[in-house]
**Student:** 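Submitted below is the structure of interest, expressed as structure tokens.
These numbers were taken from a predicted model, which means no experiment stands behind them. The chain is numbered in sequence order, starting from 1.
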Amino acid sequence: MRLSNLADYAVVLMSAAARQCGSVPIHAGMLAEQTGIPGPTAQKLVSGLARAGLLVASRGTGGGVRLARPAAAISVADIIEAVEGPIALTSCVSEGRHDCSLEGHCKVQPHWGVVNGAVRGALAEISLATLSVAPKHPSPPPIPALAGDEIRL
């Protein structure tokens, strides 16, 4: 499973917005510049994320966008669903979908809801606040020599 580029960009854009502390409005163009996301794509994402209630937009002098709520209260699942819709690994669990050749005799279909719920739950546990800080990289553990390996200095 892979995120679409748009969902990936939305997470990157929201992380950049969160690093602005959420209180100072920032323009979509500045977010594009900071993240490397193309300007038109950033504008499209800002509009969609504002419609989804994750960003608040203000116009005019001093306008821009800011987080609609604290970064700790926005999850990766919220961002992905704002762009992609409900998180689902298969389309057969969507209401009104009848395009699967196995429909009617699939023994797994009733269980996909549990799987999708687990994936969504895992993504819901990761907050935007977590993604907005530099990761702490511990020193990599030493690589043990294998029996018979010769170590040369």
Side-chain angles (χ1 to χ4, degrees), residues 1-104 106-141:
M1 179 185 130
R2 292 186 80 157
L3 288 179
S4 69
N5 285 344
L6 212 52
D8 180 18
Y9 290 169
V11 173
V12 170
L13 188 134
M14 288 291 289
S15 295
R19 284 190 295 277
Q20 300 297 318
C21 300
S23 59
V24 178
I26 184 168
H27 294 279
M30 291 175 71
L31 287 169
E33 192 175 301
Q34 289 178 9
T35 61
I37 296 171
T41 303
Q43 186 60 53
K44 176 181 177 178
L45 286 170
V46 163
S47 296
L49 293 165
R51 274 192 309 278
L54 298 178
L55 292 175
V56 174
S58 55
R59 296 185 179 263
T61 306
V65 295
R66 61 180 172 74
L67 297 180
R69 54 187 189 262
I74 298 173
S75 72
V76 171
D78 295 332
I79 300 166
I80 293 170
E81 287 180 332
V83 174
E84 298 287 331
I87 294 169
L89 297 179
T90 63
S91 62
C92 65
V93 296
S94 301
E95 285 190 40
R97 295 292 301 257
H98 301 288
D99 55 357
C100 179
S101 63
L102 301 177
E103 186 174 21
C106 178
K107 303 293 185 206
V108 178
Q109 192 275 336
H111 302 284
W112 277 116
V114 174
V115 174
N116 293 335
V119 171
R120 192 202 186 285
L123 294 172
E125 291 293 318
I126 305 167
S127 75
L128 183 57
T130 301
L131 299 180
S132 303
V133 296
K136 296 176 185 171
H137 292 290
S139 309

**Student:** Does the side chain of Leu3 come within less than 4.5 Å of Ile80's, by heavy atoms?
**Tutor:** yes
**Student:** Atom CZ in Arg120, atom CG in Leu89: separation rounded to 0.5 Å?
**Tutor:** 13.0 Å
**Student:** Compare every heavy atom of Ala73 with every heavy atom of Asp78, then report the nearest pair and how far apart it is.
**Tutor:** OD2-O, 4.0 Å
**Student:** Between Gln34 and Ile26, is there a side-chain heavy-atom distance shorter than 4.5 Å?
**Tutor:** yes
**Student:** Can you see which heavy atom on Ala82 is nearest to which on Ala52, and at what distance?
**Tutor:** CB-CB, 3.5 Å
**Student:** Locate the shortest heavy-atom distance separating Pro25 from Arg66; write the atom from each residue and the value.
**Tutor:** CA-CB, 4.5 Å
**Student:** Please report the shortest heavy-atom distance between Leu131 and Arg19, naming the atom on each side.
**Tutor:** O-NH1, 4.3 Å
**Student:** More than 12 foreign heavy atoms under 6.0 Å from CD of Glu33: is that the case here?
**Tutor:** no
**Student:** Under 4.5 Å between any side-chain heavy atoms of Val65 and Leu49, yes or no?
**Tutor:** no
**Student:** Kindly give the heavy-atom pair with the smallest separation between Ser132 and Ser15, and that separation in Å.
**Tutor:** OG-O, 3.7 Å
**Student:** Val83 pairs by side chain to side chain contact (heavy atoms under 4.5 Å, CB included) with which of Leu45, Asp8, Leu54?
**Tutor:** Leu45
**Student:** Taking all heavy atoms of Ala28 and all of Gln43, pick out the closest pair and write down the distance.
**Tutor:** CB-OE1, 3.3 Å
**Student:** With rounding to the nearest 0.5 Å, note down the distance linking CD1 in Ile87 to CD in Glu81.
**Tutor:** 4.0 Å
**Student:** Show the numbers, then the answer: is there a side-chain contact (heavy atoms from CB on, under 4.5 Å) between Leu67 and Leu55?
**Tutor:** CA-CA 5 Å; Leu67 297 180; Leu55 292 175; 3.9 Å; yes
